[in-house]
Enquirer: 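I have a structure I would like to understand better, so I am pasting it below and will then ask my questions one at a time.
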Amino acid sequence: MNAANGRILLVEDEELIGTMIQLNLQQEGFEVTWHKEGSPVLDGNQAAQSDVVVLDIMLPDVSGIEILRSLRKQNVGAPVLMLTAKGHVDSKIRALDLGADDYLTKPFDIQELSARIRALIRRSQSERHLPSQSQLTLGTYRINLETRIAGSSEGEVTLSAKEVDLLSYFSRNTGRPLSRADILEEVWGMDVSVTERTVDNFLVRFRKLFEQEPENPRHFITVRGLGYRFENAD
């Protein structure tokens with residue numbers, strides 16, 4: 001087994017799909033650890049040592065959503081790609097809101113899965129190699145864009161890769177009104193069918209974590225009829 005391209009944690013109960021994913025990724029040089037139930041990965045140890053977690057939403061013992069929630073609560077920052085059933089739009093949105101980085105709808109093309117995994121690994125490695133001074137300060141809260149660790153109203157938290165991407169985009173466009181469509185295109189890309197509601201939910205979370213008064217935000221400001229504006233004045 002070769003880990004030249006990265007370590008993949010696969011949680012998938014369907015034998016045919018799991019075998020297809022494991023064999024193809026191993027042929028591409030990935031090391032794949034495959035579980036058919038979710039309970040073995042709830043403690044976060046294996047996920048923390050993985051480059052990408054490929055996680056099915058529908059599992060026999062515990063849902064992928066619950067596993068994702070547990071990993072993020074434990075500050076496991078590994079990128080998570082969810083596998084969802086066709087038509088489960090609410091599950092996709094929930095997963096993205098909880099910190100999933102991408103998703104694929106079954107049935108999917110194995111080459112597309114591989115491409116998305118490689119993209120997540122590249123993005124994650126790029127973030128790890130940001131200069132150490134890559135920090136964002138919001139009032140009394142400091143956010144390290146390299147480690148994803150942030151001080152917040154909930155104490156120290158580890159942000160998902162997508163949350164860091166969104167914060168970085170806001171920081172690069174301080175003071176500029178941004179439409180939800182622009183945010184979706186820049187942060188999620190055109191190949192992921194998320195909705196504007198997803199952007200709104202991320203902003204609700206940012207306000208909860210980083211605003212002294214979430215109902216009267218100073219940093220993440222709503223621009224009526226358009227989207228949002230980020231301000232970082234003292």
Side-chain angles (χ1 to χ4, degrees), residues 1-12 17-18 20-34 41 46-57 64 67-68 71-72 76-84 86 88-89 91-131 134 145-148 158-173 180-195 198-199 202:
M1 194 174 293
N2 191 322
N5 287 339
R7 294 179 174 86
I8 309 301
L9 176 60
L10 171 63
V11 188
E12 168 60 65
I17 294 177
M20 175 187 69
I21 293 173
Q22 184 178 52
L23 289 177
N24 279 273
L25 292 183
Q26 285 177 346
Q27 288 177 357
E28 293 190 25
F30 292 101
E31 177 183 318
V32 182
T33 300
W34 176 20
V41 304
Q46 292 183 71
Q49 298 172 30
S50 302
D51 294 296
V52 173
V53 180
V54 179
L55 178 60
D56 189 19
I57 283 185
I67 294 171
L68 175 63
L71 295 180
R72 294 315 187 211
V76 175
V80 175
L81 187 152
M82 305 295 294
L83 301 179
T84 71
K86 184 177 181 180
H88 287 191
V89 176
S91 294
K92 298 171 188 174
I93 293 172
R94 251 182 105 194
L96 291 166
D97 290 344
L98 285 170
D101 298 277
D102 203 351
Y103 71 83
L104 270 178
T105 301
K106 298 178 181 179
F108 54 83
D109 184 275
I110 189 65
Q111 298 304 317
E112 181 178 4
L113 173 65
S114 176
R116 287 174 182 258
I117 287 173
R118 291 194 300 270
L120 288 173
I121 291 175
R122 285 196 303 270
R123 186 184 308 152
S124 179
Q125 290 175 341
S126 174
E127 288 166 359
R128 286 198 294 267
H129 289 90
L130 288 172
S134 292
L145 300 177
E146 177 185 4
T147 64
R148 301 183 190 165
T158 298
L159 303 174
S160 71
K162 197 64 65 180
E163 288 171 328
V164 168
D165 288 345
L166 182 52
L167 285 171
S168 297
Y169 180 57
F170 275 134
S171 181
R172 294 195 305 270
N173 291 276
R180 291 175 176 85
D182 287 340
I183 294 170
L184 284 172
E185 181 176 352
E186 177 68 23
V187 178
W188 277 270
M190 296 300 291
D191 60 333
V192 179
S193 300
V194 295
T195 68
T198 300
V199 177
F202 268 69

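None of these values were measured; they are calculated from a predicted model. Note that the numbering runs from 1 along the sequence shown for the chain.
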Enquirer: For the backbone of Leu81 and the side chain of Asp101, can you confirm whether one donor and one acceptor N or O come within less than 3.5 Å of each other?
Expert: no

Enquirer: Going from CG on Leu184 to OG1 on Thr195, what distance comes out if it is rounded to the nearest 0.5 angstrom?
Expert: 7.5 Å

Enquirer: Could you pull out the closest heavy-atom pair between Ala47 and Val53, with the gap in Å?
Expert: CB-CG2, 3.9 Å

Enquirer: I'd like to check Lys106 versus Asp56 (side-chain heavy atoms, cut-off strictly below 4.5 Å). Are they in contact?
Expert: yes

Enquirer: Only one of Ile8, Ile17, Val32 passes side-chain contact (heavy atoms from CB on, under 4.5 Å) with Gln22; say which it is.
Expert: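 Per the side-chain contact (heavy atoms from CB on, under 4.5 Å) rule, the option paired with Gln22 is Val32, out of Ile8, Ile17, Val32.
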
Enquirer: Less than 4.5 Å apart, side chain to side chain, heavy atoms only: is that true for Thr198 and Trp188?
Expert: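 The answer is yes; the side chains approach within 4.5 Å.
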
Enquirer: On a heavy-atom basis, which atom in Ala161 and which in Arg148 lie closest, and how many Å separate them?
Expert: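 Heavy-atom minimum between the residues: CB-NH2, 3.2 Å.
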
Enquirer: With the side chain counted from C-beta on, respond yes when Phe170 and Val187 share a heavy-atom pair under 4.5 Å apart, and no when they do not.
Expert: no

Enquirer: Do Asn24 and Phe30 have side chains that approach each other closer than 4.5 Å (heavy atoms only, starting at C-beta)?
Expert: no

Enquirer: Is any NZ, NE, NH1 or NH2 atom of the basic residue among Arg118 and Asp102 found under 4.0 Å from an Asp or Glu carboxylate oxygen of the other?
Expert: no

Enquirer: Is a side-chain donor-acceptor pair under 3.5 Å present for Gln46 with Thr33?
Expert: no

Enquirer: Evaluate the side-chain proximity of Ile21 to Ile110: yes if any heavy-atom separation is below 4.5 Å, no if none is.
Expert: yes

Enquirer: Taking Ser168 for the side chain and Val164 for the main chain, is one N or O donor matched with an acceptor at less than 3.5 Å?
Expert: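 Yes, Ser168 side chain to Val164 backbone: donor-acceptor pair under 3.5 Å.
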
Enquirer: Answer yes when Glu163 and Arg72 have at least one side-chain N-carboxylate O distance shorter than 4.0 Å, and no when they do not.
Expert: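 The answer is no: the pair does not qualify as a salt bridge.
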
Enquirer: For the CG atom of Leu55 and the OG1 atom of Thr84, what is their distance to the nearest 0.5 Å?
Expert: 11.0 Å

